[in-house]
Amino acid sequence: MKVLVFGAAGIVGRATFAEAERRGWTVTGLSRGACDVTDAAAVATAVAAARPDLVINCAAFTRVDLCESEPEAARLANGVAPGLLAEACARSGARLVHLSTDYVFDGTARRPYLEDDPTGPRSVYGATKLEGERRALAVDGSLVVRTSWIFGAGGPNFVDTMRARMAPGAEPLRVVDDQTGAPTWAPFLARALADLGESGAAGIVHYQNRDTVTWYGFAREIARQLGTTVEIRPVTTAEVPRPAPRPAWSVLDVERFERLAGRRVEDWRAGLAEHLNTSGER
Ligand SMILES: NC(=O)c1ccc[n+]([C@@H]2O[C@H](COP(=O)([O-])OP(=O)(O)OC[C@H]3O[C@@H](n4cnc5c(N)ncnc54)[C@H](OP(=O)(O)O)[C@@H]3O)[C@@H](O)[C@H]2O)c1
């Protein structure tokens, strides 16, 4: 299998590149410096040169709050670029696997979101990611993988932020307890992306790790695994206002993935243990 990874320097990009190498695939990874995915000519040249079977797009404007003040930049990277990638794939006979997010939903559900549930993004990030899904899926054979709450090496993430704040003598932490989701360890996600890429699945697939938890519960498990006694206080979303609204409910139904892959999704606690053991470096 010949694979081309865009956004290869990000958290998911790095893990995906490593997973492809582990499988013995021929893999090329392009960071933003090597290819800006908003540049149609650069995307076309990169795909034509690599002649991949599979393109995995891990590039995105992921700073959710910044998207609110830079909507045009967010739209180009998250909304327009996936269409450029899908068209380049169509011309080269490659299949596109594109990453999306729970933020395409309004977060008001009380059961896991199915792939075909109505969307309703409440932030610029969510709206631009939804546009990206539509543009990617406009080309037959494209696959969109929606995921959530990613942690891993290679970029800012909740686990590393919490770990830094849990140093001995740290002030009590205040962590939101009214947003529920499921953490996802990047190397587990990378394995899922590779499996799905190999399977030829198209359309939308939801993938996140099990089980569901709030950010507060997640922080408590991080503290437990680190063996720290730092005080963690539950707070409400309203107590920590942010520029972009966060979904209260980020739970995705992963049944379609489990059917396609023939296995259950992994437990994030196992990924957390590995991440903490390797000091976040992989
Ligand atoms: N992190 C999460 O919790 C989460 C949850 C659900 C879905 N996702 C989705 O998962 C995917 C991967 O996210 P991630 O967590 O790996 O994010 P990340 O660590 O921020 O990686 C994204 C990468 O894309 C690059 N990039 C940004 N704009 C680009 C452009 N115009 N051209 C080329 N590269 C560009 C970034 O480079 P710079 O750093 O130089 O900007 C960065 O290396 C994204 O589609 C994201 O929307 C993430």
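Remember, it's 1-based here, ligands and their atoms both numbered in the order they're listed. Bear in mind that the values here come from a model prediction, so they are computed numbers and not experimental data.
Salt-bridge annotation for E231 and R233: present, with a side-chain N of the basic residue lying under 4.0 Å from a carboxylate O of the acidic one. Using a 4.0 Å cut-off between charged side-chain N and carboxylate O, R75 and E131 make a salt bridge.
With contacts defined as side-chain heavy-atom distances shorter than 4.5 Å, the pair V3/D53 does not qualify.
Protein residues are said to neighbour a ligand when one of their heavy atoms lies under 4.0 Å from it; for ligand 1 these are A9, G10, I11, V12, R32, C35, D36, V37, T38, C58, A59, A60, T62, L99, S100, T101, Y125, K129, T147, S148, W149, I150.
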Set out, in order, the CA-CA distance, both residues' side-chain angles and the distance that settles ring-ring contact (aromatic ring centres under 6.0 Å, His included) for F158 and F151, then state yes or no.
CA-CA 7 Å; F158 184 78; F151 65 98; 9.3 Å; no
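Contact detail for Y113 and H206: the closest heavy-atom pair is O-ND1, 2.9 Å.
A single hydrophobic cluster is seen to contain both W249 and F105, as judged by linkage of ILVMFWY side chains at heavy-atom distances under 4.5 Å, directly or through other members.
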